[in-house]
Structures are given as C-alpha cells and as structure tokens.
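In this chain, residues are counted from 1 in sequence order. Note that the structure is a prediction, hence the values are computed from the model and not measured.
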Amino acid sequence: MKPAQFRYHAPKTVDEALAILAEVAPNDGRVLAGGQSLVPMMAFRLARPAHLVDINGVDALRRLEVADGKLCIGACVRHSAFHKPVVDGPLGQLLTAVVRHIAHYPIRTRGTFCGSIAHADPASEWCAVAVALGAEMVARSTRGTRVIGADDFFAGIMTTTLDEDELLTEVRLPLLPPDSRFGFYEFNRRAGDFAIAMAVATYRVSDGGIGEPRVAVGGAEPKPRRIAAAEQALAGHAPDAASFRVAAERAAAAVDPMEDATTSAEYRRDLVGTVVRRALEQSLR
Ligand SMILES: Cc1cc2nc3c(=O)[nH]c(=O)nc-3n(C[C@H](O)[C@H](O)[C@H](O)COP(=O)(O)OP(=O)(O)OC[C@H]3O[C@@H](n4cnc5c(N)ncnc54)[C@H](O)[C@@H]3O)c2cc1C
C-alpha cells in the first residue's frame with residue numbers, strides 16, 4: 001500500500017522545526033526522523049499523519065558529544081553511529097555491544113537513537129539502555145524546554161510523556177565510571193527481530209562486593225524498567241554465579257509479563273530470568 005496523502009515540511013533549523021510543529025501538531029502533524037518505524041506504519045495505513053516535519057535537514061540535531069559528564073545524542077544521530085565506540089570507557093563499549101541487536105544493517109544506517117526513544121516500542125534496545133542508565137530526554141517546543149528523566153518519560157506501549165508539539169532534540173546518557181562492568185542480553189527467535197525479552201546490567205565492585213547495581217528489563221512489560229528486587233539481591237554480594245542466579249529469580253518474579261499470540265506470559269517470565277542472568281554473566285567477560 002502507499003501512504004495516505006500528507007504535507008511535507010523540511011525545516012533547516014530547530015526553531016523552524018518547532019514553529020512548524022506548533023502549527024501542524026494539533027492537525028495530525030508528526031516528526032519524521034529515520035522513518036524506519038513511521039514510514040512502514042504509514043505504508044500499512046496504521047498511521048495517517050496529515051503533515052510530516054522532516055528533521056533530517058537540521059544540522060544542529062546531528063550533535064554527538066560529551067558535555068558535563070553526559071553523552072549528548074542529537075535527534076538525527078543514527079543507530080549506526082554506535083557501531084564503533086563513540087566515547088572512551090564502558091559507556092561507549094556498552095552502546096556498541098547493544099547496537100548490533102537492533103534490526104538489520106540498512107535499518108541501522110537510517111533509524112535514529114532519539115526516534116527509538118520517542119517511538120517507545122517496549123522491545124527497543126535503546127529504551128532499555130535509557131532506563132538502565134537514567135537518561136535525560138530533552139524536549140523542546142515553542143513553549144520552552146523540558147528535561148524529562150527516563151523513569152517519567154515512558155508511559156506504556158509506544159506511549160511517552162512527550163506533548164504532541166514537542167521535539168525530542170537530544171537524549172543525554174550519563175558516562176559510566178571507568179571501573180563499571182556491564183552486560184546486555186536479549187532473546188529473539190530470528191536475528192534482527194524485535195526481542196521477546198532483554199536485560200541491561202551495570203555495576204561497580206568495591207571490597208569484593210557489588211555496588212551501584214542497575215538492572216533493567218525490556219520487551220517483557222509495556223515499558224522498560226529497572227527491577228529493584230534484582231538490584232537489591234546484587235548489592236554488597238560478590239559478582240558470581242550464586243548472586244546472579246538470585247537476582248535473575250527475583251527479576252522473573254517481579255515482572256508482570258505481556259502475552260501475545262505466540263508468547264505466553266509464563267514463557268516471557270521464564271525468559272526474563274534467563275536474560276537477566278546472562279546479562280550479568282556477560283559483565284564478567
Ligand atoms: C524490519 C524492522 C526491524 C526493526 N527491529 C528493531 C529492533 O530490533 N529494535 C529496535 O529498537 N528497533 C527496531 N526497528 C525500528 C527502528 O529501530 C527505528 O529506527 C526506530 O524505532 C525509530 O527511529 P526512526 O528514527 O526511524 O523514527 P521514525 O520512524 O522517523 O519515527 C518513529 C516515531 O517517533 C516519532 N519521532 C521520531 N523522532 C522524534 C523526535 N526527535 N522527537 C519527537 N518525535 C519523534 C515520529 O513522529 C514517529 O511517531 C525495526 C524496524 C524495522 C523496519
């Protein structure tokens with residue numbers, strides 16, 4: 001199918017994009033970033049925006065740099081930017097380990113980091129990373145700028161707290177301390193498919209015990225979230241098979257898994273235990 005008719009807008013600056021969005025958002029106007037989710041939905045007529053505001057010509061949105069201890073990822077930075085570490089240390093390595101799980105190579109050359117965050121698919125790898133690390137989302141409109149914490153940003157399946165006239169101009173990820181350990185693991189039936197469940201884990205070690213544990217699960221519930229029970233099971237314990245197993249069991253018990261035609265809630269719950277354990281095991285490599 002071909003998309004329904006729409007009006008195309010191609011702003012060159014952020015201010016121009018915000019002015020157009022303020023005008024067209026109330027009349028079914030949508031931002032077009034990499035188009036890797038929106039365009040297929042339009043082709044199937046699951047989405048019929050009356051206006052598309054294409055931000056690809058806004059150079060300022062290509063920003064990818066470290067400022068104030070955070071990696072700032074502009075709205076036009078593609079997934080493929082992370083094929084190589086974009087920053088020294090564990091954060092750059094974590095993003096490189098994660099990116100290869102997102103879709104397929106051609107999609108990664110076009111789809112954007114911020115587009116994934118704004119789209120808020122429960123099985124988005126970047127959304128799980130954003131929650132795990134406590135990302136900040138920078139939302140701008142002609143009314144001003146808001147900085148939204150990851151915990152307050154995701155509202156449910158493909159739903160965020162962005163207002164319709166707001167542009168997600170950048171996402172800021174805190175740098176991980178140099179001694180941080182990290183792991184990521186996801187399960188899908190075929191390479192490139194959306195994950196049925198995934199886990200991101202980071203922590204530090206002091207005096208042989210785990211400190212600052214962060215464990216986030218994606219793909220299992222309507223939105224990604226950190227699992228406090230798993231983090232509590234790790235804190236202060238040695239990073240070994242025994243503590244990882246307990247954390248995995250706590251995570252599986254804590255989730256309220258989604259169910260669909262091919263995957264039962266019980267199967268997903270079981271999988272959450274497995275992905276959490278394997279993500280933690282990855283941290284020892
Ligand atoms: C076959 C296939 C497999 C895929 N597999 C995966 C996968 O395994 N994991 C995964 O995470 N993704 C996957 N994707 C989706 C892909 O990663 C998309 O790139 C991503 O979801 C959306 O980014 P985009 O830049 O393409 O956004 P677009 O498609 O342009 O936009 C998506 C939505 O977000 C809004 N939006 C985009 N940018 C902004 C912004 N800056 N501010 C406000 N709103 C904005 C748009 O208005 C639209 O509603 C897959 C896609 C395909 C086609």
Side-chain angles (χ1 to χ4, degrees), residues 13-18 21 31 33-34 55-56 58-99 102 111-120 124-154 160-163 166-184 200-206 210-216 218 223-226 231 283:
T13 65
V14 173
D15 285 342
E16 208 187 324
L18 299 182
L21 263 181
V31 173
I55 58 171
N56 287 277
V58 182
D59 285 341
L61 296 176
R62 290 182 214 295
R63 178 179 193 225
L64 180 58
E65 63 188 12
V66 174
D68 297 329
K70 291 171 191 144
L71 177 65
C72 304
I73 305 169
C76 287
V77 174
R78 317 273 176 207
H79 304 312
S80 56
F82 302 94
H83 282 159
K84 291 184 181 158
V86 295
V87 59
D88 288 340
L91 177 62
Q93 292 167 28
L94 168 62
L95 299 175
T96 299
V98 171
V99 71
I102 301 174
T112 64
F113 185 102
C114 290
S116 285
I117 300 289
H119 189 53
S124 154
E125 286 82 357
W126 291 145
C127 294
V129 168
V131 166
L133 302 186
E136 292 173 352
M137 324 300 185
V138 182
R140 285 185 60 187
S141 69
T142 53
R143 296 172 289 115
T145 301
R146 292 196 296 152
V147 178
I148 310 167
D151 290 343
D152 298 322
F153 185 82
F154 299 106
T160 71
T161 53
L162 271 182
D163 288 331
E166 282 182 319
L167 178 66
L168 180 63
T169 52
E170 72 180 26
V171 173
R172 299 174 185 155
L173 297 178
L175 296 182
L176 288 167
D179 61 347
S180 301
R181 300 184 186 180
F182 68 85
F184 175 82
V200 186
T202 71
Y203 62 88
R204 301 169 82 180
V205 178
S206 64
I210 292 177
E212 301 169 39
R214 288 170 174 266
V215 176
K223 56 181 185 173
R225 69 173 171 111
R226 284 174 66 185
E231 295 176 352
S283 71

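Annotation: the span from Met137 atom CE to Glu166 atom CD amounts to 13.0 Å, rounded to 0.5 Å. From Leu176, atom CG reaches atom OH of Tyr203 across 12.5 Å, with rounding to the nearest 0.5 Å. For the atom pair Thr13 OG1 and Leu18 CG, the distance stands at 8.0 Å (nearest 0.5 Å). Within the model, atoms SG of Cys76 and CD1 of Ile55 stand 4.0 Å from one another, a figure rounded to the nearest 0.5 Å. Considering CD of Glu231 and OG1 of Thr202, their distance stands at 8.0 Å, rounded to 0.5 Å. Taking CG of Leu173 as the reference point, atom CD of Glu136 lies at 9.5 Å (rounded to 0.5 Å).
Residues Asp15 and Arg140 are paired through a salt bridge, judged by an N-O separation under 4.0 Å between the basic side chain and the carboxylate. Using a 4.0 Å cut-off between charged side-chain N and carboxylate O, Asp68 and Arg172 make no salt bridge.
Using a 4.5 Å heavy-atom threshold, the side chains of Leu71 and Leu64 count as touching.
At distances below 3.5 Å, not a single donor-acceptor pair connects side-chain atoms of Ser124 with backbone N or O atoms of Ala120. In this structure a side-chain-to-backbone donor-acceptor pair under 3.5 Å is missing from Ser283 to Arg181. Proximity of a side-chain donor or acceptor of Arg225 to a complementary backbone N or O of Asp151 within less than 3.5 Å is not detected. Judged purely by atom type and a 3.5 angstrom limit, Thr169 has no side-chain atom pairing as donor or acceptor with the backbone of Ala139.
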So Thr160 and Leu168, side-chain contact (heavy atoms from CB on, under 4.5 Å) or not? Walk me through it.
CA-CA 11 Å; Thr160 71; Leu168 180 63; over 6 Å; no
Working note: Val98 + Trp126, criterion side-chain contact (heavy atoms from CB on, under 4.5 Å); need CA distance, chi angles, decisive distance, verdict.
CA-CA 8 Å; Val98 171; Trp126 291 145; 3.8 Å; yes
Start with the C-alpha gap between Val14 and Leu61, add the side-chain angles, then the distance that decides, and say whether side-chain contact (heavy atoms from CB on, under 4.5 Å) holds.
CA-CA 8 Å; Val14 173; Leu61 296 176; 3.9 Å; yes
Could you go step by step and tell me if Ile117 and Cys127 meet the side-chain contact (heavy atoms from CB on, under 4.5 Å) rule?
CA-CA 6 Å; Ile117 300 289; Cys127 294; 4.3 Å; yes
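Between Val77 and Arg63, the shortest heavy-atom distance links the atoms CG2-O, 3.4 Å. The two atoms that bring His79 and Ser116 nearest to each other are CE1-OG, 3.1 Å, heavy atoms only. The minimum heavy-atom distance between Pro90 and Pro178, with the atom names listed, is CG-O, 3.8 Å. Nearest heavy atom pair, residue Val171 against residue Ala135, reads CG1-CB, 4.0 Å.
Heavy-atom neighbours of Asp179 CG from other residues, nucleotides or ligands within 6.0 Å: above the threshold of 12.
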